Amino acid sequence: MAEPADDAEDGEDKIAKKARLEQLEPMEIVQIYTDSYHRSMDMLNIRHPSIEPRASGHIIEQIKMTQDIIDNGFAYEVNGSVYFDVVKYNSSNNYGKLSGRVLDELLENTRDLAGQEEKRNGVDFALWKKAEPEHIMKWPSPWSLGFPGWHLECSTMSAKYLGDYFDIHGGGMDLLFPHHECEIAQSQAANGKDPVKYWIHNNMITIDGQKMSKSLGNFITLEELFAGSHKLLSQAFEPGTVRFFILQAHYRGTLDFSNTALEAAEKGLNKLLNGIILAKKIATADNSTSNIAKLREECIKAISDDFNTPVLISHLFEAVRITNSVNAGEESISKDDLKSLNSIFEDFAVDILGLSKNQNQQGDNLMDPLMDLILDIRQESRANKDFATSDKIRDVLSKLNITTKDEDGGTSWSYEG
RNA sequence: GGUCGGUUGGCCGAGCGGUUAGGCACUGGUCUGCAAAACCAGCUACAGCGGUUCAAAUCCGCUACCGACCUCCA
């Protein structure tokens with residue numbers, strides 16, 4: 001059973017600056033960002049974590065872990081600050097095993113930087129820092145009035161809520177070193193264990209091939225993406241489209257956002273979702289022209305192969321192709337296979353990838369009878385060869401984002417709100 | 001400068017030594033009153049230069065670009 005925990009980093013600096021600027025309490029700023037983050041996650045159909053602990057609520061645990069590391073001889077205190085002794089740690093452990101760094105090379109490379117003079121070596125990192133007078137968020141500790149080091153919060157909170165050895169730790173590739181490397185060192189130094197079984201690092205995002213950065217002016221927020229309010233975007237993109245777009249690339253590769261790529265994703269997703277809906281109502285035959293069981297195996301293989309979502313999606317499009325071909329009378333499917341086909345869509349597209357049609361057109365008391373009436377009138381004019389009227393109806397509906405399709409049994413419609 | 005990773009067709013994006021990835025766009029065909037959708041077919045690439053191999057987008061080397069990290073920033 002997965003027990004997701006999302007670590008809300010509510011540390012100093014940016015938050016403190018913002019708080020001074022807005023004349024609010026630091027924790028009010030944290031709340032504003034947390035709320036906005038939750039809204040975006042909800043829209044993207046991302047499930048809520050079981051717990052979202054905050055670093056500032058776990059000062060006691062962080063002080064204890066610091067003390068444990070000192071007691072075990074892997075940290076030292078200087079002027080009220082406590083530093084992790086990386087060189088000593090490395091003599092009995094392997095600092096760099098996650099990121100592939102070699103300590104000797106790191107030591108050679110370390111530059112002389114301000115604020116380093118307290119440390120024995122440049123590679124050492126702070127477990128506890130004594131606060132300067134202007135520092136807003138600070139707490140008493142055995143060493144000083146201060147605040148915990150950055151790497152410590154993850155170690156203490158994950159250990160508290162997930163146990164001191166848990167299955168999966170995620171995060172961006174930019175955190176691999178030094179942050180995650182230090183988490184391992186802290187856990188080893190405190191209790192002699194690796195904290196994590198599997199590390200999953202996702203790659204970074206680029207915009208039109210360039211890295212996303214505020215200075216380049218190509219920084220796009222999720223809110224802007226959903227609203228279409230950015231100069232690089234020609235339109236708003238549904239959260240579902242953004243989700244699908246992200247899943248079409250592997251998480252370990254860089255993801256390149258662009259307007260054209262998002263437009264392509266929107267069309268592709270539409271095709272997929274229409275296929276899923278259609279598969280629920282196509283006719284069955286005595287036998288099948290496609291191997292549905294094999295298709296399911298391919299899907300399992302793809303997602304089992306380091307979450308290869310792009311390959312999984314390519315198999316789902318094969319399922320859509322089969323659905324459409326059956327619908328067009330060019331292929332056939334048995335009753336059992338259709339059931340299996342629908343469960344492929346349900347299991348992989350809906351449950352695993354979290355893709356589903358927006359519920360803005362089903363069972364509308366006003367829309368449905370109105371559309372029945374309009375399409376009925378159009379059908380009559382077509383029967384009378386009054387194509388001027390029938391085309392006018394179709395054109396106006398099209399402008400309202402209602403697409404009509406003339407099929408054998410009548411005209412169907414769909415609304416892309 | 002150091003370490004690591006990337007460079008795939010018009011665009012996005014899989015691929016881990018031999019087989020059509022997939023999506024979008026485009027072209028032709030079927031269907032349609034005309035469309036749309038759908039189906040069928042076509043376009044079919046691996047940064048450059050060498051090397052290994054019966055066989056390389058895939059392995060090795062060099063070059064050129066791009067990026068991440070190495071900045072007590074969470």
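Worth knowing before you read on, the calculation uses all heavy atoms, side chains too, and leaves out hydrogens, waters and symmetry mates. Please read these numbers as outputs of a predicted model, since none were measured by experiment.
Taking only side-chain atoms of A:Ala261, from C-beta outward, the nucleotide of B:C39, B:C69, B:C12 with the closest atom is B:C12. Candidate nucleotides B:A14, B:C34, B:A68 were compared by shortest atom distance to the side chain of A:Asp391, and B:C34 ranks first. For A:Asp406, taking side-chain heavy atoms from C-beta onward, the closest of the listed nucleotides B:C72, B:A35, B:G23 is B:A35. Ranking B:G33, B:A25, B:C69 by closeness to the A:Arg394 side chain, first place goes to B:G33. For A:Asn308, counting side-chain heavy atoms from C-beta on, the closest listed nucleotide (B:A14, B:C34, B:A21) is B:A14. The side chain of A:Glu330 lies closest to B:C39 when the candidates are B:C39, B:C69, B:G33. Looking at the side chain of A:Pro310, the nearest of the listed nucleotides B:C73, B:G23, B:A14 is B:A14. Comparing B:C24, B:C12, B:A36 by their nearest atom to the side chain of A:Lys405 picks out B:A36. Nearest nucleotide to the side chain of A:Lys267, out of B:G22, B:C24, B:A21: B:C24. Listed nucleotides: B:A14, B:C72, B:C70. Nearest to the side chain of A:Tyr83: B:C72.
Judged by the 6.0 Å distance and 45° axis criteria, A:Arg120 is not positioned over the aromatic ring of A:Tyr83. For the pair A:Arg101 and A:Phe177, the cation-pi criterion (under 6.0 Å, within 45° of the ring axis) is fulfilled.
Applying the 6.0 Å contact sphere to CD of A:Gln235 captures more than 12 heavy atoms from other residues, nucleotides or ligands.
Annotation: the span from A:Ile63 atom CD1 to A:Trp139 atom CH2 amounts to 9.5 Å, rounded to 0.5 Å.
Nucleotides of RNA chain B nearest to A:His250 and A:His315 differ in position, and the one nearer the 5' end is that of A:His250. Mapped onto RNA chain B by nearest heavy atom, A:Ala328 and A:Glu263 fall at different nucleotides, with A:Glu263 at the one closer to the 5' end.
Look at A:Asn327 and you won't find any side-chain N or O under 4.0 angstrom from OP1 or OP2 of B:A38.
As the counterpart of B:G28, B:C40 is assigned, both hydrogen-bonding distances of the Watson-Crick or G-U wobble pattern falling under 3.5 Å. The base-pairing partner of B:A14, taking Watson-Crick or G-U wobble contacts with both distances under 3.5 Å, does not exist among the strands shown. Pairing for B:A68 goes to B:U3, judged as Watson-Crick or G-U wobble with the two contacts each under 3.5 Å. Nucleotide B:C49: paired with B:G61 (Watson-Crick or G-U wobble, both distances less than 3.5 Å).
Ring orientation note: the planes of A:Phe125 and A:Phe84 are close to parallel, at an angle under 30° on the 30°/60° scale.
Counting to the nearest Å, the C1' atom of B:G2 and the CG atom of A:Leu107 are 13 Å from each other.
Judged by ring centres under 5.5 Å apart and planes tilted less than 30 degrees, A:Phe387 stacks against the six-membered base ring of B:G33.
A gap of 16 Å separates the C1' atoms of B:C73 and B:A68, to the nearest Å.
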